[in-house]
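Here the structure is laid out as structure tokens; the discussion comes afterwards.
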Protein chains: 2
Amino acid sequence: MPDPQELERVLRAAGLRVTRPRLAVLHAVHDHPHVDTDVLIGAARARLGTVSHQAVYDVLQVLTERGLVRRIQPQGSVARYEARVGDNHHHLVCRSCGVISDVDCAAGAAPCLVPWAGESPAHPDFLVDEAEVIYWGRCASCAARPAVSDTDRPAAQRGTP
Amino acid sequence: MPDPQELERVLRAAGLRVTRPRLAVLHAVHDHPHVDTDVLIGAARARLGTVSHQAVYDVLQVLTERGLVRRIQPQGSVARYEARVGDNHHHLVCRSCGVISDVDCAAGAAPCLVPWAGESPAHPDFLVDEAEVIYWGRCASCAARPAVSDTDRPAAQRGTP
DNA sequence: GCCGCAATGTTGACTCGTTCCAGGAAAGCG
DNA sequence: CGCTTTCCTGGAACGAGTCAACATTGCGGC
């Protein structure tokens with residue numbers, strides 16, 4: 001919930017022109033973390049009246065490039081965006097309803113985790129700069145009702161209840 | 001490189017009928033770890049002459065469900081499959097060429113990692129059953145040539161060189 | 001060995017998220 | 001003020017994946 005001025009500053013700092021669509025999309029991403037492009041388009045339109053869908057796609061791409069938003073896309077889900085960047089946090093994804101929640105990274109800085117503990121790794125020369133972690137499981141409410149069937153994994157879906 | 005008989009046994013053990021497409025796909029996944037569906041279709045066809053693409057999609061889905069293969073899908077990449085299952089290993093993905101390599105998991109059993117160390121997690125009641133880790137970086141050969149540009153991240157692409 | 005049914009495979013059209021295109025209008029910013 | 005970036009309208013294309021209806025084929029039972 002950053003104020004418009006702050007967002008404007010962030011855009012300028014990234015070397016981007018400050019335009020209404022960009023502010024709207026940026027705001028939307030802050031307001032609704034982990035939602036897909038469709039929802040963002042909706043949110044941006046709610047704020048501006050009209051924005052073309054490719055303006056939004058464009059903006060998202062540019063913001064992602066500049067590191068102002070982060071694109072995430074768990075298995076079977078469409079692209080989702082979040083505004084929390086730079087703190088290298090991870091995600092919890094519910095296998096049955098698809099909700100995504102943030103989890104702070106214990107270590108803090110990236111890469112918070114390295115693939116090999118000591119020396120002589122299986123892949124020397126591979127320069128790891130980030131460890132992306134997705135925790136799969138069942139969220140509280142899905143865990144409550146005892147699984148419709150054992151094989152109900154309709155893949156991550158829409159919505160951030 | 002398991003022999004056909006072994007694969008057949010595995011299929012039966014999973015309660016699946018043994019059919020040519022299934023054997024072919026299973027074999028292909030063993031032969032070519034980390035490749036996408038297209039390549040697998042090609043490999044299966046090379047072995048059988050003809051297989052419809054949904055037969056392959058179907059088979060992959062069923063095999064994934066039964067845990068005979070594992071589906072992986074790093075950001076910006078299409079679905080890929082591998083036959084190493086049950087050992088909860090992780091992956092190294094090269095940002096510039098997209099190669100995927102396996103890394104053994106230090107812990108062994110899933111979930112090898114839990115999101116919160118001690119008690120009082122931010123998300124109690126969320127039952128984590130698996131921690132999926134992707135290490136992003138640059139592979140040896142891409143690290144060698146000093147980055148075509150600083151923003152060259154064409155997302156994970158095809159091929160397992 | 002042979003039958004019959006349910007599980008699989010085939011075919012071809014189709015969905016859906018996403019990207020690309022092009023020409024003209026609008027609007028930032030130096 | 002003028003140049004350049006960005007946006008718009010509105011298509012059209014794209015590729016991975018899915019659906020549906022019909023043909024085929026494993027495999028347990030006879």
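Side-chain atoms are counted along with the backbone in the values below, which use heavy atoms only and exclude waters and symmetry mates. Chain naming here is simple, since letters A, B, ... match the order of the sequence lines and numbering starts at 1 in each.
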D:dT5 base to A:Arg17 side chain: any donor-acceptor pair below 3.5 Å?
yes
Base, sugar-phosphate, or nothing for A:Gln54, non-hydrogen atoms under 4.0 angstrom?
base
Integer-rounded Å distance: C:dT18 C1' and A:Leu40 CG:
14 Å
Between B:Gly15 and B:His53, whichever has its closest DNA chain C nucleotide further toward 5' is B:Gly15
Minimum-distance nucleotide (side-chain atoms of B:Val78 versus D:dC8, D:dA16, C:dG9)
D:dA16
Nearest-Å distance for atom pair CD/P, residues B:Gln75 and C:dT18:
12 Å
What is the distance, to the nearest angstrom, from the CG atom on B:Leu26 to the P atom on C:dT8?
14 Å
Strictly below 4.0 Å, N to O, side chains only: are A:Arg80 and A:Asp38 in salt-bridge contact?
no
Taking OP1 and OP2 of C:dG30, is either one under 4.0 Å from a side-chain nitrogen or oxygen of A:Arg12?
no
Base, sugar-phosphate, or nothing for A:Thr19, non-hydrogen atoms under 4.0 angstrom?
sugar-phosphate
Atom CG of A:Asp58 to atom P of C:dC20: distance rounded to whole Å?
9 Å
Spacing between A:Asp38 atom CG and C:dT19 atom P, to the nearest angstrom:
13 Å
B:Ser96 versus B:Arg138, side-chain donor and acceptor atoms under 3.5 Å:
yes
Between CG of B:Leu16 and C1' of D:dC27 the distance, given in whole Å, is 14 Å
Reckon A:Arg45 touches a base, only the sugar-phosphate, or nothing at all at heavy-atom distances under 4.0 Å?
nothing
No-hydrogen, no-angle side-chain donor-acceptor test under 3.5 Å, B:His34 and B:Asp102
yes
Cationic N near anionic O, under 4.0 Å, B:Asp104 to B:Arg84:
yes
For C:dT18, take OP1 and OP2 only and decide whether either is under 4.0 Å from a side-chain N or O of A:Tyr57.
yes
Round to the nearest Å and state the distance from B:Arg80 atom CZ to D:dG15 atom C1'.
15 Å
A:Thr50 side chain near D:dC8 phosphate (N/O to OP1/OP2, under 4.0 Å):
no
Report the nucleotide, chosen from D:dC7, D:dT18, C:dG9, that has the shortest atom-to-atom distance to any side-chain atom of A:Arg22.
D:dC7
Is there a donor and acceptor pair closer than 3.5 Å between the side chain of A:Gln73 and the base of C:dG17?
no
Would you say the side chains of A:His89 and A:Glu82 form a donor-acceptor pair under 3.5 Å?
yes
Starting from P on C:dC16, measure out to CD1 on A:Ile41 and report it in whole angstrom.
15 Å
Just to be sure I understand the rule, does A:Arg20 reach a base, reach only the sugar-phosphate, or reach nothing, if contact means heavy atoms closer than 4.0 Å?
nothing
Could you work out which one of C:dG9, D:dG17, D:dT9 sits closest to the side chain of A:Ser52?
D:dT9
Indicate, with a heavy-atom threshold strictly under 4.0 Å, whether A:Val51 touches base, sugar-phosphate, or nothing.
sugar-phosphate
Is a salt bridge present between A:Asp31 and A:Arg47, judged by a nitrogen-to-oxygen distance below 4.0 Å?
yes
